[in-house]
Amino acid sequence: QVQLVESGGGLVQAGDSLRLSCVASGRTFSSYAMGWFRQAPGKEREFVAAINRSGGATYYADSVKGRFTISRDNAKKTVYLQMRSLKPEDTANYYCAADSRTAGILRAGRGEVWGQGTLVTVSS
């Protein structure tokens, strides 16, 4: 099983860009679909984006479509979330997740392995 460590969060202004990274340990990273989720204070965790094992298929929540891009580098065992045109409502803890089944499982809000999260704060 992989372990996940996120980084790249921080405080930015509305309209700025930020790139999150999630590095996996273990030898089977390419066997996992990967995803990003977020949880704002007082709100439930929500799906943000997912990518299949090869990187050939990506999925996004409507709220981030066109602004966020998920990608992966299997050689580096890393999944990225490039965030552009950030809004105050994007403020949340962002979590990386992995699932050995399909990206569809992640889209449904489930995952087998979770990271600890990285905080993104967008000021207006």
Side-chain angles (χ1 to χ4, degrees):
Q1 199 174 42
V2 296
Q3 292 183 323
L4 307 173
V5 178
E6 303 96 332
S7 64
L11 173 63
V12 296
Q13 293 186 332
D16 284 351
S17 298
L18 203 60
R19 189 178 79 160
L20 306 183
S21 300
C22 172
V23 179
S25 62
R27 296 177 292 178
T28 59
F29 176 74
S30 60
S31 298
Y32 288 84
M34 301 297 296
W36 287 96
F37 293 78
R38 65 188 183 186
Q39 186 167 20
K43 295 188 177 181
E44 293 187 353
R45 185 180 65 201
E46 64 174 351
F47 167 76
V48 174
I51 188 167
N52 70 348
R53 295 184 188 92
S54 68
T58 56
Y59 310 90
Y60 297 94
D62 288 342
S63 59
V64 306
K65 201 171 293 184
R67 299 189 298 122
F68 291 10
T69 302
I70 188 171
S71 62
R72 66 188 295 162
D73 185 332
N74 285 345
K76 295 182 177 180
K77 299 180 183 179
T78 302
V79 62
Y80 303 98
L81 185 68
Q82 178 68 53
M83 304 184 293
R84 297 180 177 87
S85 301
L86 283 162
K87 305 175 182 180
E89 52 262 44
D90 294 318
T91 294
N93 269 308
Y94 283 72
Y95 298 90
C96 175
D99 200 283
S100 62
R101 294 163 290 181
T102 68
I105 296 291
L106 293 164
R107 290 177 71 189
R110 302 194 300 272
E112 294 171 326
V113 184
W114 295 83
Q116 294 300 307
T118 185
L119 178 63
V120 173
T121 303
V122 184
S123 64
S124 57

Taking all atoms of both residues into account, what is the closest heavy-atom pair of Gly109 and Phe37, and its distance?
CA-CE2, 3.6 Å
Counting distance only, does the side-chain N/O of Arg107 pair as donor-acceptor with the main-chain N or O of Thr102 below 3.5 Å?
no
Please list, chain by chain and in numerical order, all residues satisfying side-chain hydrogen bond (donor to acceptor under 3.5 Å, both in side chains) with Lys43, sequence neighbours excluded.
none
Check for me, please, whether Leu20 and Phe47 land in the same ILVMFWY cluster - side-chain distances under 4.5 Å, paths through other members count.
no
Between Glu6 and Trp36, is any pair of side-chain heavy atoms under 4.5 Å apart?
yes
Just say parallel, tilted or perpendicular for the rings of Phe68 and Tyr94, cut-offs at 30° and 60°.
tilted
Checking the side chain of Arg53 only, and the main-chain atoms of Arg101 only, is there a donor and an acceptor separated by less than 3.5 Å?
yes
Looking at residues at least two apart in the chain, or sitting in another chain, which of them share a side-chain contact (heavy atoms from CB on, under 4.5 Å) with Ser100?
Tyr32, Glu112
Ignoring hydrogens and angles, tell me if any N or O in the side chain of Arg45 forms a donor-acceptor pair with the backbone of Tyr95 under 3.5 Å.
no
Smallest heavy-atom separation, Ala92 atom then Arg38 atom, equals CB-CB, 3.8 Å
Pairs under 3.5 angstrom only: tabulate donor-acceptor contacts from the side chains of residues 114-124 to other protein residues two or more places apart or in another chain.
unit_1, atom_1, unit_2, atom_2, d
Trp114, NE1, Gly111, O, 3.1
Thr118, OG1, Gly9, N, 3.1
Ser123, OG, Val12, O, 3.3

Between Leu4 and Val113 the two heavy atoms that sit nearest each other are CD1-O, 3.6 Å
Which is it for Asp90 and Lys87 under the salt bridge (Lys or Arg N to Asp or Glu O under 4.0 Å) test, yes or no, and what are the steps along the way?
CA-CA 5 Å; Asp90 294 318; Lys87 305 175 182 180; over 6 Å; no
Taking only distance into account, with no hydrogens and no angle test, what donor-acceptor pairs under 3.5 Å do side-chain atoms of residues 77-85 form with protein atoms, sequence neighbours excluded?
unit_1, atom_1, unit_2, atom_2, d
Lys77, NZ, Gly26, O, 2.5
Thr78, OG1, Lys76, O, 2.8

side-chain hydrogen bond (donor to acceptor under 3.5 Å, both in side chains) partners for Gln39, two or more places apart
none
Shortest non-hydrogen contact between Thr69 and Tyr60, atoms and distance
CA-OH, 3.3 Å
Whether over 12 other heavy atoms sit under 6.0 Å from Glu46 CD
yes
Please list, chain by chain and in numerical order, all residues satisfying side-chain hydrogen bond (donor to acceptor under 3.5 Å, both in side chains) with Asp16, sequence neighbours excluded.
none
Is it the case that the side chain of Asn52 and the backbone of Ala57 share a donor-acceptor pair, with hydrogens and angles ignored and the cut-off at 3.5 Å?
yes
All heavy atoms of Arg72 vs all of Ser54, minimum pair found to be CD-C, 4.4 Å
